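Below is one structure, written out as structure tokens, with a few remarks after it.
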Amino acid sequence: MPGRCQHEETAICSSEETINEFEALTRDAGRVQQDTLRKILEANADAEYLARFGLDGRTDAESYKSCVPLCVHADVEPFIQRVADGDTSPLITGKPITALSLSSGTTQGKPKFLPFNDELIKNTLQVFRTSYAFRNRDYQIVKGRSLQFFYCSKQASTDGGIIATTATTNLHRSARYREGIKHIQSQGCSPDEVIVGPDFHQALYCHLLCGLIYSDEVRFVSSTFAHSLVQAFQTMEEVWKELCADIRDGVLSERVTVPSIREAVSRILKPNPHLADSIYNKCVGLSNWYGVIPALWPKTKYVYGIMTGSMEPYLKKLRHYAGHLPLISADYGASEGYVGCNIDPTVPPEQVTYAVLPNTGYFEFIPLQKPTGEETGNDTSIHYIESEPVGLTEVEVGEIYEVVLTTFAGLYRYRLGDVVNIAGFHNSTPKLQFICRRSLVLSIHVDKNTEKDLQIVVEEAAKLLEGEKLGIVDFTSCVDTSSDPGRYVIYWELSSGASDEVLRSCANALDLGFVDEGYKSSRKIVTIAPLELRILRKGTFKEILAHFLSLGGSVSQFKTPRFVNLSNIRVLQILNKNVTQSYFSTAYRL
Ligand code: AMP
């Protein structure tokens, strides 16, 4: 393999070594992909899932593609279920799978089980090490700490005794990961007991507290997804006086009751009236919390977390908290495996791309084209015209594709369901721009709208709120087909109350904002009824988050569902019981 970092097992590589390794791998991406496929197929040749397809020891891409079909989660589920039930025979991988990850499954309301193994840890460390090396080139961090808002979820054990938890928790549970990450980036502020603690509210409070205790040492602020960063500083607005009191007296607030968290945080909390006064005065001096991050953590160089896709709506608020600091989007991956890393940290999140590391899996891309004429079909997957999958180095700039993964953890030609645009190449590996998840669409019949379409429409309509100095806290949508014709329903939680007049005009703007021809023509002939805007009580999205956590999810992985499937009854119930006002569009009047 070209240019491998000599110390990959321990992840102790200099930034320069790491960048050299990346350059070598990506210069030869086509060959590295062939090698990677061979390794995956050799290691797993005996796995029952693969053996059925008659590869008979062949490991070349042509044989692989002609023998093994594309698959979706439902195709692998029976095998994963057997793993969960304790079957240790080679089912999807040569070596038995000993842990499972729960993917978020926010749309359907049902988390999915996915295989997790050491190879995924190794890939994750390689991706993190690579993007950190590139970050360090532009924003050099020599020593210091990072303020990290990371949370683990509860660990369940399946009937067969297999650990099942979120991918982030699986990573944090692993000594190999904890050791590796220590050598990649600055040490966090919070003790491990906070990260793995069972209560998210207490963990969040302690992350803030530990961050303040080490405020002079913090060099960057991060979380997995931007949502957790916004949530953290919104909480800061509510609890800052209590945090100051804790630091002044050196006594931890009684709100922290979990013994392991209390003990670990109390060990680092010492009375410090000087620091408490300084934090207090800085908070009082802020205007509406603008720039709180650089004010309280003055040596911070940037704010880091996934900011693309369903996280884009949080950017405005995050920029407010970050003041002049750059926002850098973190890498692109899924519980299934990592896809790409951000090697251009100075690019704003809206334009960020992800370079694929060709040795972390075998990647294929299904070319997608939006239909030009009227297409029918009422599946929940956006209806693109698909062509035969192409390899990593065969994709074309400017074209869109669905990502297909073959991983070291037992997924073969697995459709990830994400749509990406090819923004360019770095050497011979493509740089992907995340567009949306394929399944998240508002669709009643011929109309098809993606998560991205919805986001654009909501952002445009929300401009009408600016005159009233209001903002959207969060939003989601569903289709209401309980009456005929069905309609789109958009839910908004607002920062405070708005007038009926403004909200009525927002409902019209939303309805007119969908530019998809299928929607517009259906609205004109009323085969789709007027759009409804439902306003939610404050705190509704916190309730949805709590529900997600109750299913075993972790805050670090949470993505607000931008579209709620009718099968996701519990989330629909939460939304509908919290509706305070409702406005029907009067646009498209005949
Ligand atoms: P999960 O299944 O909970 O592991 O979530 C994985 C999904 O999160 C991916 O399939 C993407 O849809 C989304 N995701 C992960 N990383 C990014 C990113 N950098 N930008 C946009 N979406 C992302």
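For the single chain, residues carry numbers from 1 onward in sequence order. Computed from a prediction, not measured in an experiment: that's the story for all the values here. Start at 1 and go down the list; that is how both ligands and their atoms are numbered.
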When the aromatic ring centroids of [X] and [Y] are compared, is their separation below 6.0 Å?
X: Tyr412; Y: Tyr64; answer: no
X: Tyr362; Y: Phe408; answer: no
X: Phe233; Y: His320; answer: no

Quiz prompt | Nitrogen or oxygen of Asp331 less than 3.5 angstrom from that of ligand 1 | solution =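 Checking ligand 1 against Asp331, an N or O pair does fall under 3.5 Å apart.
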Self-check item: N or O contact, Glu336 vs ligand 1, cut-off under 3.5 Å
Solution: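 No, since none of the N or O atoms of Glu336 sits under 3.5 Å from an N or O of ligand 1.
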Quiz prompt | Heavy-atom pair of closest approach, residues Phe475 and Gln455 | solution =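 So the two residues come closest at CZ-CA, 4.3 Å.
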Practice problem: Using modelled atom types only, decide if a donor and an acceptor are shared between the side chain of Asn427 and the backbone of Thr429 within a distance under 3.5 Å. | Solution: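 Not a single qualifying donor-acceptor pair exists.
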Practice problem: Give the atoms of ligand 1, by number and element, whose distance to some non-hydrogen atom of Gln557 is under 4.0 Å. | Solution: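 Checking each atom against Gln557, I get 1 (P), 3 (O), 4 (O).
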Practice problem: Output the list of atoms in ligand 1 that are nearer than 4.0 Å to some heavy atom of Asp418, sorted by atom number. | Solution: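 So the atoms of ligand 1 that pass are 9 (C), 10 (O), 11 (C), 12 (O).
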Exercise. Sequence neighbours left out, what passes ring pair (Phe, Tyr, Trp, His ring centres under 6.0 Å) with Tyr151? Give chain and number order.
Key: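 Tyr151: ring pair (Phe, Tyr, Trp, His ring centres under 6.0 Å) contacts with Phe200, His207.
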Part of [X] within contact of ligand 1 (heavy atoms, under 4.0 Å):
X: Tyr332; answer: both
X: Ala330; answer: backbone
X: Ile306; answer: side chain
X: Lys559; answer: side chain

Self-check item: Qualifying residues under side-chain hydrogen bond (donor to acceptor under 3.5 Å, both in side chains), relative to Tyr491, sequence neighbours excluded
Solution: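 By the side-chain hydrogen bond (donor to acceptor under 3.5 Å, both in side chains) rule, Tyr491 matches Arg534, Asn576.
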Quiz prompt | Per atom 15 (C) of ligand 1, closest listed option by heavy atom (Gly337, Ser554, Gly333) | solution =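 It is Gly333 that holds the nearest heavy atom.
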